[in-house]
Amino acid sequence: MAVTFDISPEKEASTLQFFYRQFFVTPPPVSIHDADVNGKTAIVTGANVGLGLETARQLLDLGCNLILAVRDEAKGEIALRDLANGRDLPSDAIRVWQLDLSSYDSITSFVDRARGLKHLDIAVLNAGIYKVFEDFSPAGYEEGVQINYLSNVLLLTSLLPVLQEKKRGNTPGRLVLVSSDTASWCKFAERTSNPLLPAFKKKMPQWDMQERYGVSKLLGQFFLAELAKRVPASAVTVTSANCGMCYGSSIGREGKGYFVGFAFGIISRIIGRTCTVGARTFVHAAARMGDEVHGQYVEDAKLRPMAPIIYKPEGLRIAKLLWEETMHELSFAGVEEIIAGLTQK
């Protein structure tokens, strides 16, 4: 779907525009009059704390049943009690399911479990990692790229047929991949690499946590734009959403006890929004907005441009290369066949 923006990608990506949004723009809450999701079922990943917890709370307020996808089930149970406190809910209104994005086996087991649901209408893929120190996954990739990109793409793609087949009513299932302003700010030095993905198996000359985090989110934008060309909105509506900088989100948890973590906490507290406000954009993308969000980027409850490179000839080349390499990397899970099946339906 062609979209006309009221701001250029370059201006949207500017530092001045970022501060304007942080200090002068507040996305409105979604009310039950704005969204018809009562009785629907939503998965929220990373749902035991911060933005995931607040997203779950707001979807619950709208009448959704919840599946809290968490690494630590004990912490998930604490979140469940927090969400259920003061509410008269059926026993299965909120469920806690284990999901470890560092493990492909955990992801496939989670999706197998989701196939057994009676309904699944919404998935908000919020879980991610902001690596303070460079580390590598068992598959050999830098851990931020592994979790924020490859693992989330595996989960996203594997959930698509479940969202299509298990949706309640005639409205297509909706999947939201959480993105970030940093996708527009990164230098993306790997852009000239061919092949591209193996570049993320190499150590950076000097570790830059924000650069790598931004690149991991940019890769997700590239993938989503390509996915929307292949999967119609009528099958499953896929979109990305950015909450802006929020304090209390726990994204900088690895920095606890280090100066970098202390500095990040101070800066996010001065500049950041509450997680309650930040989560509103995820809920708009998941529950209120229509199929115009398909393959697009939602910020402050409005459609906004993705990173500028996405729209340039260089970006089109990178997107094609990244798509082909990602299909190959995740071929063990049949992701290409899953997407082709959705297109045929």
Side-chain angles (χ1 to χ4, degrees), residues 13 46 71 100-108 125 127-158 177-227 240 242 251-256 258-261 263-264 306-333 335-336:
R71 247 186 336 173
D100 182 356
L101 287 175
S102 67
S103 165
Y104 284 153
D105 287 342
S106 178
I107 295 168
T108 55
L125 305 191
I129 193 167
Y130 189 64
K131 292 294 296 181
V132 174
F133 304 105
E134 191 172 30
D135 202 358
F136 291 84
S137 72
Y141 291 98
E142 187 280 316
E143 197 170 6
V145 171
Q146 176 69 65
I147 290 176
N148 296 343
Y149 179 63
L150 286 167
S151 293
N152 265 298
V153 165
L154 175 59
L155 177 61
L156 180 161
T157 307
S158 301
L177 177 65
V178 170
S179 193
S180 169
D181 289 292
T182 59
S184 296
W185 304 341
C186 61
K187 298 173 184 176
F188 190 25
E190 300 82 7
R191 68 178 67 195
T192 59
S193 301
N194 189 355
L196 177 59
L197 284 177
F200 301 109
K201 290 185 172 183
K202 301 174 183 177
K203 283 182 172 290
M204 294 181 76
Q206 183 174 357
W207 177 245
D208 184 334
M209 60 185 186
Q210 179 163 303
E211 168 67 16
R212 181 57 85 231
Y213 180 76
V215 168
S216 73
K217 293 297 186 177
L218 177 59
L219 297 178
Q221 290 188 9
F222 275 124
F223 182 85
L224 196 80
E226 286 296 304
L227 179 66
S240 61
N242 170 35
I251 190 68
R253 58 189 176 271
E254 281 200 357
K256 188 175 181 180
Y258 297 92
F259 175 77
V260 66
F264 181 82
M306 292 185 186
I309 192 174
I310 299 285
Y311 305 98
K312 297 178 180 179
E314 180 187 20
L316 297 175
R317 176 190 64 79
I318 293 168
K320 182 175 183 294
L321 179 64
L322 178 65
W323 177 271
E324 291 171 351
E325 291 185 22
T326 303
M327 292 298 101
H328 177 75
E329 180 69 23
L330 302 178
S331 60
F332 68 89
V335 292
E336 198 162 17

Excluding sequence neighbours, so at least two apart, what forms ring pair (Phe, Tyr, Trp, His ring centres under 6.0 Å) with Y104? F332
List for me each residue that meets side-chain hydrogen bond (donor to acceptor under 3.5 Å, both in side chains) alongside [X], sequence neighbours excluded, and say none if there are none.
X    : value
E190 : R212
S184 : none
E329 : Y141
T157 : none

Check salt bridge (Lys or Arg N to Asp or Glu O under 4.0 Å) between [X] and all other residues, then give those that pass, not counting sequence neighbours.
X    : value
E314 : R191
K320 : E324
D181 : R21

So, the side chain of E143 versus the backbone of K131: is there a donor-acceptor pair under 3.5 Å, distance only? no
Residues in side chain to side chain contact (heavy atoms under 4.5 Å, CB included) with [X], at least two apart?
X    : answer
Q210 : Y130, T182, W185, D208
A225 : none
K203 : E134, F136

Kindly state each residue pair satisfying salt bridge (Lys or Arg N to Asp or Glu O under 4.0 Å) with at least one member in residues 146-156, sequence neighbours excluded. none
From CA spacing to verdict: side-chain hydrogen bond (donor to acceptor under 3.5 Å, both in side chains), S240, Q221: CA-CA 7 Å; S240 61; Q221 290 188 9; 5.4 Å; no
List the steps, then state whether ring-ring contact (aromatic ring centres under 6.0 Å, His included) holds for F223 with W323. CA-CA 6 Å; F223 182 85; W323 177 271; 4.9 Å; yes
